[in-house]
Amino acid sequence: MRLVGAAEMRAIDRAAIDGLGIPSLELMERAGRAAADAARGLAGPGGRFAVVCGGGNNGGDGWVVARLLVGAGRAVRVVSLVDAARLSPDARAERARAEAAGVAAEAADAPLEAGPGDVVVDAIFGTGLSRAPEGAFAAAISRIEAARRAGARVLAVDVPSGLSADTGQPLGEACVRADRTVTFAFQKRGLVLHPGPAHAGEVTVADIGIPPEAAAQVPAEAELLVEDEARALVPPRDPEAHKGEAGRVLVIAGSPGKTGAAHLALTGALRGGAGLVTLAARAEVLPLALAGRPEAMSAALPGAGPLAAADLGPLLEAAAAADALVIGPGIPRGDGTGALLLELLSRAGLPAVLDADALNAVAGQAERLAATGVPLLLTPHPGEMARLCGLSTAEVQRDRLGLAARQASAWAATVVLKGARTVVADPSGPPAVIPTGNPGMATGGTGDVLAGLCGALLAGGLAPGAAGRAGAWVHGRAGDLVARRLGERGLLAGDLGAAIGEVWAEWRR
Ligand SMILES: NC(=O)C1=CN([C@@H]2O[C@H](COP(=O)(O)OP(=O)(O)OC[C@H]3O[C@@H](n4cnc5c(N)ncnc54)[C@H](O)[C@@H]3O)[C@@H](O)[C@H]2O)[C@H](O)CC1
Ligand SMILES: [K+]
């Protein structure tokens, strides 16, 4: 599903209005009608409405809402934050129509006097917000919040005022918290990237009649991976498949004290549907890593300590019988590990997932990833991404979508940037936001399961972009199923294995 930002949405509007001659007031009428319907749905019996209008087209939508509600015989007040003379042309036209229908504007500082059963409609700023709201705008946002605390429901028109439609971050202190948001034409990035969802409440996307030809003229910058799209990435199993054809995964993982990381990666690969899964690790690691996982096979790596040049031969031998590699969860890492892994990738010539300590091992030389020439899927959490890019974690989190897309292109790899709203970006094309998952998954080992799951999908023949998207979607959904039964607090990485199977069962895969 297309996920637009503010500039992209404006470009689509322009393509419809200037390019195809759709009257802008027609779009505004449809936008206002969708918002008015939503406002009615939020109101209690006999509830009153207060519409707070800004000076741009978001305010124009608000005037349409007020006129339609008055026309439906409801009690409506409008608080206008901008003088009529300074409204956008379309907002001025809609204000005039509303006033002709008997709606009167009240002063910017008029109290909202809304309580239980009542609805406040936030039509202050939409995609045109360009800086932090201050003065009368900030004061109006505070009054909306006070009304919500007093029991009124809040409907945001298009985007909660104060929230960036691009990043999901409030631009300043004042930012509306809505019970519902009706957004127009396309889902907005800021409504799905955190903390946007907490401000937006329940989001619905209203069709306002922008022709698909107009939208097609503007390149898509991002997408939201919805369930049907995720499911379509994973083909049903071939009825005649035997285990050698279902995908063979070599997992390189585990060290003393981190045997569980290997165990969980194996679990992810097995539940991900791989036909054969083998663990390559130091001999001392194998008994614990394989305990309770009789489906997995093993290849003991001679020697001891960090993975280094001497391990290349045994690893290549094990890789000869694999279709994909999963490298990293809990590997023993030393100075030579990064060089060994880059060499292994090139020489094995297999698609590979790099996770955790494999990412840390290549951190100083990430620019060499592209030269390996193999299909790569990197699964960093924000801290690992920061080390790979030489940034702080805060810098990574500021623009997750943009950074993942730039780095995917630089490394010629698919990047799965984990965290609240995992992002999957390919070397080219729009990155995807994954809507599944919950805060309970911020617990040790969940990433190891994801790495294994993605490895199984790669081994089954999916390209890294498809494996990363489907893997992250299914992993998040599995986490949501576990959280429903055991709570977010009770969720363990080990629970995800069986729950991945439940997602496959839902999908008949
Ligand atoms: N998507 C569509 O097809 C349609 C969307 N519509 C609605 O129009 C808004 C976008 O309208 P726009 O006039 O571009 O911007 P805003 O109303 O969001 O902004 C208003 C105005 O305010 C100025 N401004 C920005 N930030 C601040 C600030 N912090 N303090 C003071 N003033 C600020 C800015 O310069 C603008 O002039 C979209 O969200 C939809 O709701 C239409 O209905 C048509 C169809
Ligand atoms: K708004």
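Read the numbers this way: they start at 1 and go in the same order the structure lists the ligands and their atoms.
- Residue, atom and distance of the protein heavy atom nearest to atom 29 (N) of ligand 1 are Arg131 O, 2.8 Å.
- In this structure, Leu129 has a heavy atom closer than 4.0 Å to ligand 1.
- Relative to the six-membered ring of Phe49, Arg74 misses at least one condition, a distance below 6.0 Å or an angle of at most 45° to the axis.
- For Ala132, a nitrogen or oxygen atom sits less than 3.5 Å from a nitrogen or oxygen atom of ligand 1, counting backbone and side chain alike.
- Considering only non-hydrogen atoms, atom 10 (C) of ligand 1 lies nearest to Thr127 out of Val64, Thr127, Val159, Leu25.
- Residue side and main chain included, Ser161 places an N/O/S atom under 3.4 Å of the K ion (ligand 2).
- No heavy atom of Ala185 sits closer than 4.0 Å to any atom of ligand 1.
- Under the 4.5 Å side-chain criterion, counting only non-hydrogen atoms from C-beta, His475 is in contact with Val449.
- For residue Gly54, no N/O/S atom approaches the K ion (ligand 2) to within less than 3.4 Å.
- With salt bridges taken as basic N to acidic carboxylate O contacts below 4.0 Å, one links Arg40 and Asp37.
- Closest to atom 3 (O) of ligand 1, if we only count protein heavy atoms, is Asp13 OD1, 2.4 Å.
- Protein non-hydrogen atoms do not reach within 4.0 Å of atom 37 (O) of ligand 1.
- Checking each of Val424, Thr379, Leu401, Val396 against Leu417 for a side chain to side chain contact (heavy atoms under 4.5 Å, CB included) leaves exactly one that passes, namely Val396.
- Taking 4.0 Å as the cut-off between side-chain N and carboxylate O, Arg231 and Glu227 do not count as a salt-bridged pair.
- The pair Arg398-Glu395 does not count as a salt bridge, with every side-chain nitrogen at least 4.0 angstrom from each carboxylate oxygen.
- Checked against a 3.5 angstrom limit, the closest N/O atoms of Met28 and ligand 1 fall outside it.
- The only option from Val65, Val70, Val51, Leu69 that meets the side chain to side chain contact (heavy atoms under 4.5 Å, CB included) definition with Val103 turns out to be Val70.
- No more than 12 heavy atoms of other residues, nucleotides or ligands lie within 6.0 Å of CZ in Arg33, so this atom counts as exposed by the packing criterion.
- With respect to the salt-bridge test (charged N to carboxylate O, under 4.0 angstrom), the residues Arg95 and Asp90 do not qualify.
- Using a cut-off of 3.4 Å, one finds that Val159 contributes an N/O/S atom close to the K ion (ligand 2).
- No N or O atom of Gly59 sits closer than 3.5 Å to an N or O atom of ligand 1.
- Geometry about the K ion (ligand 2) gives an angle of 140° between OD1 of Asn58 and OD2 of Asp122, rounded in steps of 10 degrees.
- Using a 4.0 Å cut-off between charged side-chain N and carboxylate O, Arg77 and Glu106 make a salt bridge.
- Residue contact annotation: Asp158 places no N/O/S atom under 3.4 Å from the K ion (ligand 2).
- Residue-ligand proximity: Ser88 is placed with every non-hydrogen atom at 4.0 Å or more from ligand 1.
- Contacts between Asn58 and ligand 1, counted as non-hydrogen atom pairs separated by less than 4.0 Å, involve both the backbone and the side chain.
- At a cut-off of 3.4 Å, Phe125 coordinates the K ion (ligand 2) through an N, O or S atom.
- Note: no N/O pair closer than 3.5 Å links Arg10 and ligand 1 by distance alone.
- Side-chain contact check for Asn438 and Asp480: at least one donor-acceptor pair (N or O, by modelled atom type) lies under 3.5 Å.
- The residue Asp90 has no part lying near ligand 1, judged by heavy-atom distances below 4.0 Å.
- At the top of the distance list for atom 8 (O) of ligand 1, counting protein heavy atoms only, stands Asn57 CB, 3.1 Å.
- Regarding atom 27 (C) of ligand 1, its nearest protein heavy-atom neighbour is Phe125 CE2, 3.6 Å.
- Only the side chain of Ile208 comes within 4.0 Å of ligand 1, judged by heavy-atom distances.
- Within the 4.0 Å heavy-atom shell around ligand 1 one does not find Ser24.
- Considering backbone and side-chain N/O of Glu134, none are found under 3.5 Å from N/O of ligand 1.
- Of the protein's heavy atoms, Ser130 N, 3.0 Å lies nearest to atom 26 (N) of ligand 1.
- The protein heavy-atom contact nearest to atom 34 (C) of ligand 1 is Gly128 O, 3.8 Å.
- The closest protein non-hydrogen atom to atom 39 (O) of ligand 1 is Asp158 OD2, 2.5 Å.
- The closest protein non-hydrogen atom to atom 43 (O) of ligand 1 is Asp61 OD1, 2.4 Å.
- Electrostatic pairing of Glu8 and Lys188 does not count as a salt bridge here, judged by no charged N lying under 4.0 Å from a carboxylate O.
- Ion pairing between Arg189 and Glu223 fails under the 4.0 Å rule for side-chain N and carboxylate O.
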